[in-house]
Amino acid sequence: MPEQHSTEVTAAGIARLAGVGRAAVSNWRRRHADFPRPVGGTETSPSFALAEVEQWLRDQGKLAEVPRRERVWQLLSAHPAGAVTALVHAGCVLLLVRDRPTAWLELAAASDKRLLTMLPGALDNVLTARFGEQRAAVPTPTAAELAPSVPLLRGAAELAAELGTCQAFEFLLGRHLDANPRQYTLTPPGPAELMAALAGADTPGKTVLDPASGTGGLLRAVRQPAALHAQDADPELASLTALRLALHGDADIRAAAADTLRADAFPGLTADVVLCHPPFNERNWGHDELAYDPRWEYGFPARTESELAWVQHALAHLREGGTAVLLMPPAVASRRSGRRVRADLLRRGALRAVIALPAGAAPPYGIPLHLWVLCRPGAGQRPDPELLFVDTAALMPDGSRDKLPWPAVQSAVLDAWRDRTEQSGVSRSVPVIELLDDDVDLAPARHLSVPAAGGSAADLEAVRKSLDGSLRRTMELAPAPVTTVGPAARTLTTVGELSRAGALVLRTGGAGASHSGGPVLTEHDVITGAAPSGTLPAGQAEEPVLTEEGDVVVPVLGGGSVARVVDAATAGAALGRNLQLLRPDAAALDSWFLAGFLRGTANNRQASSYASTATRLDVRRIQLPRLPLAEQRRYGERFRALAEFEDALRLAIRLGGQLAQSVYDGLADGTVLPE
């Protein structure tokens, strides 16, 4: 169709279509005179006609067929009105497909011209039925607005037939969020599910409000709600959230676009649950014009305490006995400017728990954010005499964000919330009277007992023995003295040539479904030699790339020379972001031989691109000698022995650091004597 020919795609989009790196696209442009000419963009970031690119890739044998999901995404990302407008249009049609499939089939059979004539009325009917008469957050698009979207809308409906309406929208939304990471502040699924569970939103039939809904991640974590209310200052986000929630379930959805603190869209609402990830550290939240607002039942927040305004907004919308959970920056628990409001929340029994999450749980990832759990006291109800503190830092094996043990964190937090039992260093209920001092400091770390830092004598001796054994093993595996010779004359080939010859298969990680909760091999895991520890992004509909024993996995960013051969324990894990997988044909290529030459420093330098702030490895340019399989295996055995030595050395370093820190801590807290 003419609209399809006008769709443009960037070099990054071409790379995704062909399953290659950006460097390969640049090489094609230089080496092939018939490569499509740019039709837009800039000199440094040109764009190309999607249809011309697809045809060229097919002619070159680099693309058998564009996957439907990829074509739909390219149509959406190149939409002349912008990706968000395109997402809203697609979401409206997907809702029509979901709720009135027969009506859509009749429309889809019509010509584009007739479709544009009939579609606005059909959308208006389904949007009104789903969101009610007062649905300013999701206005019905006009025929003129829908005209550039016709190929996208047909494609989205076809994608829904393949994936389902909800998954189709989640795929497109997820791609958009991934492409614009700095534009949105997201609440990851782990914290969202924990917040919903703390609030009791995992019980069906609740009325739930999110007054700073963003993309709707918190409300999407609620199980079988009766009604969901969402408000956000950004009209585009309000529209996306409404459509996302409507496609996700059958709850009554009400969404509004307005500044929540200045223009509450639900002034009469009393909800069972309020979930909120408010904007942090806002100065222009309405301090001057809202001085006499009735919501400030627990004290007028200072100009620097916007988060305490959100806390009181949440409490104002709770029914008696209802629960609110807010994700907060840690400074709110101890800033002097907020001590009076904190004190009143404690005295009146509104604040029930302060929970410190591990750093990396949610953006900003470098800060250990807090969860505040609040309940609206009932008339005549006696305040709870204790406040629960939980600190999950003790549950972290190290400071790595890639290794957040979410099952352990969630279990520990929920157990502490439900049972109120004290666990040394993790949870404790503190009498409110002890907290009402001059500072009213509610940082959990200040109120939890700390176990002996150095550990017991038996613990230290166990670590020391493990270190002794690891050091002995490292010495046994250390490479023997070598004799160097001059560079050998070799016939070389490249990974790209081997791929074209069928000696190996190249796959790129990072896209795909959540792998049913299975393990995901991350870039950090490959670099450190750790077990798979990650998760793939939610909402991705492609099948994940699953590793097999003998695969070679290489990080493509950072410029380091690292390669990992997948063993039986790692096989079956999904391939994470920024990783490339090489699957050699065992009859032609030895895995350890391949991995060893991928590790070569000079090899990595000549195959890396330094054109941007991050060094990127083009694996196809890696060179290795043409050798018989038997000779490859000789090299492979030596490379395997070097990898075992590295693993042993890495373990010795970790144990040595653990022992040293334990003795430091024991000497400092007096549990170890300086003997």
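For this chain, numbers begin at 1 and follow the sequence in order.
- Closest of all the heavy-atom pairs between Arg254 and Phe266 is O-CZ, 3.8 Å.
- Counting all heavy atoms, side chain and backbone alike, Ala263 lies closest to Gln231 at O-NE2, 2.9 Å.
- Contact check on Glu307 versus Arg335 returns a salt bridge, with a Lys/Arg side-chain nitrogen under 4.0 Å from an Asp/Glu carboxylate oxygen.
- Residues Trp372 and His370 place their aromatic rings such that the two centres sit no closer than 6.0 Å.
- In this structure a side-chain-to-backbone donor-acceptor pair under 3.5 Å is missing from Glu386 to Val430.
- Taken from CZ in Phe389 to CG in Leu442, the straight-line distance is 5.0 Å, to the nearest 0.5 Å.
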Working note: Leu194 + Leu371, criterion side chain to side chain contact (heavy atoms under 4.5 Å, CB included); need CA distance, chi angles, decisive distance, verdict. CA-CA 10 Å; Leu194 176 57; Leu371 293 178; 3.9 Å; yes
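- Checked by atom type, the side-chain pair Ser306/Arg283 shows no donor-acceptor distance below 3.5 Å.
- Of all non-hydrogen atoms in Ala238 and Ala256, the two that sit nearest each other are CB-O, 3.7 Å.
- With rounding to the nearest 0.5 Å, the separation of CG in Leu261 from CD in Gln312 is 10.5 Å.
- No hydrogens or angles considered: nothing links the side chains of Asp441 and His447 as a donor-acceptor pair under 3.5 Å.
- For the 3.5 Å distance criterion, the side chains of Thr241 and Arg220 fail to qualify, holding no donor opposite an acceptor.
- Val208 places a side-chain heavy atom less than 4.5 Å from the side chain of Leu219.
- Using a 4.5 Å heavy-atom threshold, the side chains of Thr140 and Thr128 count as separate.
- The existence of a salt bridge linking Asp344 and Arg340 is excluded, since no basic side-chain nitrogen approaches an acidic carboxylate oxygen closer than 4.0 Å.
- Using a 4.5 Å heavy-atom cutoff, the side chains of Phe169 and Leu87 are in contact.
- In this structure, His176 has its ring center closer than 6.0 angstrom to the ring center of Tyr184.
- Between Arg319 and Asp272, at least one side-chain N (NZ, or NE/NH1/NH2) sits under 4.0 Å from a carboxylate O, which counts as a salt bridge.
- The nearest pair of heavy atoms linking Lys206 to Gly200 is NZ-O, 3.0 Å.
- Considering only heavy atoms from C-beta on, Leu159 stays 4.5 Å or farther from Leu94 through its side chain.
- Counting only distance, with no hydrogens or angles, the side chain of Asn180 and the backbone of Gln183 share no donor-acceptor pair below 3.5 Å.
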Run the side chain to side chain contact (heavy atoms under 4.5 Å, CB included) test on Val390 and Gln423 for me, step by step, so that the C-alpha distance in whole Å, both residues' side-chain angles and the decisive distance to 0.1 Å come before the verdict. CA-CA 9 Å; Val390 182; Gln423 183 179 349; over 6 Å; no
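- Applying the 6.0 Å contact sphere to CD1 of Ile433 captures no more than 12 heavy atoms from other residues, nucleotides or ligands.
- Of all heavy-atom pairs between Leu247 and Gly91, the closest is CD1-O, 4.2 Å.
- When atom types are taken as modelled, the side chain of Arg223 and the backbone of Pro204 share no donor-acceptor pair closer than 3.5 angstrom.
- Summarising the geometry, atom CZ belonging to Arg339 is positioned 7.5 Å from atom CG belonging to Asp438; distances are rounded to the nearest 0.5 Å.
- For the pair Arg244 and Glu170, the salt-bridge criterion is met [side-chain N within less than 4.0 Å of a carboxylate O].
- A distance of 11.0 Å separates CD1 in Ile355 from CG in Asp391, rounded to the nearest 0.5 Å.
- Between Phe280 and His277, the ring planes lie tilted relative to each other; the angle falls in the 30° to 60° range.
- To the nearest 0.5 angstrom, His89 atom NE2 is 9.0 Å from Leu123 atom CG.
- Thr522 contributes a side-chain N or O that, together with a main-chain N or O of Asp525, makes up a donor-acceptor pair within less than 3.5 Å.
- Cys92 has its side chain within reach of Leu243: a pair of non-hydrogen atoms, C-beta onward, lies under 4.5 Å apart.
- Asp259 contributes no side-chain N or O that, together with a main-chain N or O of Ala233, makes up a donor-acceptor pair within less than 3.5 Å.
- Between Asp178 and Arg577, at least one side-chain N (NZ, or NE/NH1/NH2) sits under 4.0 Å from a carboxylate O, which counts as a salt bridge.
- Remark: side-chain polar atoms of Arg342 are paired, donor with acceptor, to backbone N or O of Asp439 under 3.5 angstrom.
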Would Glu297 and Arg348 count as a side chain to side chain contact (heavy atoms under 4.5 Å, CB included) if you check the C-alpha gap in whole Å, the side-chain angles of each, and the deciding distance to 0.1 Å? CA-CA 11 Å; Glu297 190 177 343; Arg348 300 172 62 181; 2.8 Å; yes
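- In this structure, the ring of Phe300 has its center less than 6.0 angstrom from the ring center of His287.
- Looking only at side-chain heavy atoms (C-beta outward), Leu186 and Leu177 come within less than 4.5 Å of each other.
- Side chain to side chain, His79 and Ser149 meet the donor-acceptor criterion of an N or O pair below 3.5 Å.
- Ser427 places a side-chain N or O within donor-acceptor distance of the main-chain N or O of Thr421, the cut-off being under 3.5 Å.
- For the atom pair CG (Leu357) and OG1 (Thr392), the distance works out to 5.5 Å, reported to the nearest 0.5 Å.
- Side-chain contact check for Arg352 versus Asp384: some heavy-atom pair is nearer than 4.5 Å.
- Nearest approach of Pro444 to Val354, heavy atoms of both residues: CG-O, 3.6 Å.
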Side chain to side chain contact (heavy atoms under 4.5 Å, CB included) evaluation trace for Leu152 with Trp73: CA-CA 8 Å; Leu152 167 65; Trp73 164 248; over 6 Å; no
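- Counting heavy atoms from C-beta outward, Asp415 and Arg420 have side chains that stay 4.5 Å or more apart.
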